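Would you mind keeping the following structure in view while I ask a few things?
Residue indices begin at 1 and follow the sequence shown. Please read all numbers here as calculations on a predicted model, not as lab measurements.
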Amino acid sequence: SGGCSSHPFMPLMCFTLMFCVVSVTNIPPPHSTIRPGSPVPVNTNNPGVHKATRFGVYRYNNSSNDLFLFKESQIKKAMVQIVRGLKYMLHVEIKRTVCEKKNHSNLDSCDFQREKNLQQMLRCYFEVWITPWTHKVYIPVAHCQ
C-alpha cells in the first residue's frame, strides 16, 4: 500500500499520505544510532517538529491501553539531527482527549478532557526518524510517564 514494505520483525502502521510508521521495541535512553551530524535545537513551532510529534503521539496511542486517545498539548524542546533523513528528538507533554480509541477519531478534532477525574498529562520523550524519500517513519524511542 503506497510503497510501504514491512520489516519481518517490526509491526508496520501506515498513516495518511503514504507515511509508514515502523515501531521498534523501546530502547532505554542512553541509546541511539550513528551520529554523523550533531543534534541541533529547532524551533518548537517548526512544521516538521509538529509532524514528527504527531507520529510520536500515534505510536504512544497505539501502544497504550487507555480507553481515550492522547494528543500533544505542548512541545517543550525539540532537536533535529541529519542522519540519512531527519531524526527528531522531542520532549513533549501529551494530554488525554475526549475521543475514545475505538472511534479512531482524527486527533485534530479531539478536545482535551474537561472532566477533572479523567484529565491526565504525561511527559514524553520521542525519537522520530523520517526518511522522506522512502516515505517511512521510524520511532525507536517513545517513553511517556
Side-chain angles (χ1 to χ4, degrees), residues 2 4 6-7 10-145:
C4 298
S6 184
H7 184 281
M10 298 179 207
L12 183 68
M13 305 168 286
C14 291
F15 296 107
T16 58
L17 299 172
M18 286 175 34
F19 262 99
C20 305
V21 175
V22 180
S23 60
V24 183
T25 47
N26 287 6
I27 307 156
H31 44 322
S32 266
T33 48
I34 338 112
R35 293 177 170 74
S38 299
V40 291
V42 62
N43 193 308
T44 55
N45 295 321
N46 177 296
V49 167
H50 282 270
K51 185 190 233 171
T53 299
R54 184 57 62 89
F55 282 126
V57 171
Y58 281 139
R59 164 79 193 277
Y60 172 78
N61 282 330
N62 208 50
S63 61
S64 93
N65 46 20
D66 201 286
L67 196 63
F68 296 94
L69 292 168
F70 278 69
K71 85 171 175 183
E72 63 281 1
S73 56
Q74 192 181 10
I75 301 169
K76 305 290 265 180
K77 182 181 175 194
M79 307 213 27
V80 70
Q81 180 178 11
I82 296 167
V83 44
R84 286 177 317 201
L86 293 173
K87 182 174 163 193
Y88 291 92
M89 286 141 274
L90 306 162
H91 293 268
V92 180
E93 287 182 357
I94 65 173
K95 288 183 179 173
R96 188 184 275 141
T97 69
V98 296
C99 295
E100 288 189 26
K101 258 191 196 172
K102 63 176 192 274
N103 299 331
H104 297 298
S105 308
N106 171 3
L107 279 178
D108 291 327
S109 59
C110 293
D111 294 323
F112 294 115
Q113 281 287 355
R114 285 174 296 277
E115 224 176 295
K116 268 277 183 266
N117 63 334
L118 287 176
Q119 289 176 354
Q120 190 181 357
M121 189 269 285
L122 299 170
R123 288 183 177 84
C124 301
Y125 174 70
F126 298 135
E127 285 193 7
V128 180
W129 188 9
I130 299 175
T131 52
W133 57 92
T134 64
H135 298 288
K136 286 210 169 85
V137 177
Y138 290 89
I139 304 165
V141 184
H143 291 293
C144 293
Q145 57 190 28

Next on the checklist: Within the structure provided, determine whether Val141 and His143 are in side-chain contact (heavy-atom separation under 4.5 Å).
Outcome noted: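 Yes - at least one pair of side-chain heavy atoms lies under 4.5 Å apart.
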Checklist entry - Taking all non-hydrogen atoms of both residues, which atom of Ser38 and which atom of Gln81 are closest, and how far apart? => result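 Closest approach of Ser38 to Gln81: C-CG, 4.3 Å.
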Checklist entry - How many angstroms lie between atom CG of Asn103 and atom CZ of Phe68, to the nearest 0.5 angstrom? => result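 One gets 10.0 Å once the value is rounded to the nearest 0.5 Å.
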Checklist entry - Going by heavy atoms in the side chains, are Ile75 and His50 under 4.5 Å from each other? => result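 In contact.
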Checklist entry - Can you tell if the side chain of Phe55 reaches within under 4.5 Å of the side chain of Ile130, non-hydrogen atoms only? => result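 They are in side-chain contact.
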Next on the checklist: Using modelled atom types and a 3.5 Å cut-off, is there a donor and acceptor pairing between side-chain atoms of Arg59 and backbone atoms of Ala142?
Outcome noted: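 Answer holds: no.
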Item to check | Asn65, CG: over 12 other non-hydrogen atoms inside 6.0 angstrom | outcome: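 Counting neighbours around CG of Asn65, 12 or fewer heavy atoms of other residues, nucleotides or ligands fall under 6.0 Å, so no.
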Item to check | Phe126: ring-ring contact (aromatic ring centres under 6.0 Å, His included) partners, not counting sequence neighbours | outcome: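 Here no residue qualifies.
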Item to check | Heavy-atom closest contact (Lys87 atom, Met89 atom, distance) | outcome: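 Distance-wise, the nearest heavy atoms are O-CE, 3.4 Å.
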Item to check | Minimum heavy-atom distance Ile94-Cys124, with the two atoms named | outcome: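 The pair with the smallest heavy-atom distance is CD1-SG, 3.6 Å.
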Checklist entry - What's the verdict on side-chain contact (heavy atoms from CB on, under 4.5 Å) for Val49 and Asn43, showing C-alpha distance, side-chain angles and the deciding distance? => result CA-CA 8 Å; Val49 167; Asn43 193 308; over 6 Å; no
Next on the checklist: A side-chain contact here means heavy atoms from C-beta on lying under 4.5 Å apart; do Arg84 and Trp129 qualify?
Outcome noted: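 When only atoms from C-beta onward are counted, Trp129 and Arg84 do touch, with a gap below 4.5 Å.
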Item to check | pair Val128-Val137: side-chain heavy atoms closer than 4.5 Å | outcome: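 SC-SC contact between Val128 and Val137 confirmed.
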Item to check | Shortest non-hydrogen contact from Lys71 toward Asp108 | outcome: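 So the two residues come closest at NZ-O, 3.9 Å.
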Next on the checklist: Side chains of Asn61 and Val57, heavy atoms from C-beta outward: is any pair under 4.5 Å?
Outcome noted: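 Heavy-atom side-chain distance check passes, below 4.5 Å.
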Checklist entry - What's the spacing between Tyr60 OH and Glu72 CD if we round to 0.5 Å? => result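 It is 13.5 Å, given to the nearest 0.5 Å.
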Next on the checklist: Taking side chain to side chain donor-acceptor pair (under 3.5 Å) as the cut-off, I'd like each qualifying pair that reaches into residues 89-101, sequence neighbours left out, listed once.
Outcome noted: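 Sorted pair list: Ser64-Lys101, Asp66-Arg96, Arg96-Gln120, Glu100-Lys102.
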Checklist entry - How far does CD of Glu127 sit from OH of Tyr138, to the nearest 0.5 angstrom? => result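 Between atom CD of Glu127 and atom OH of Tyr138 there are 15.0 Å.
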Next on the checklist: Ignoring hydrogens, what is the shortest heavy-atom contact between Thr131 and Gly85? Give both atom names and the distance.
Outcome noted: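 Nearest pair, atom of Thr131 first, then Gly85: CG2-CA, 4.2 Å.
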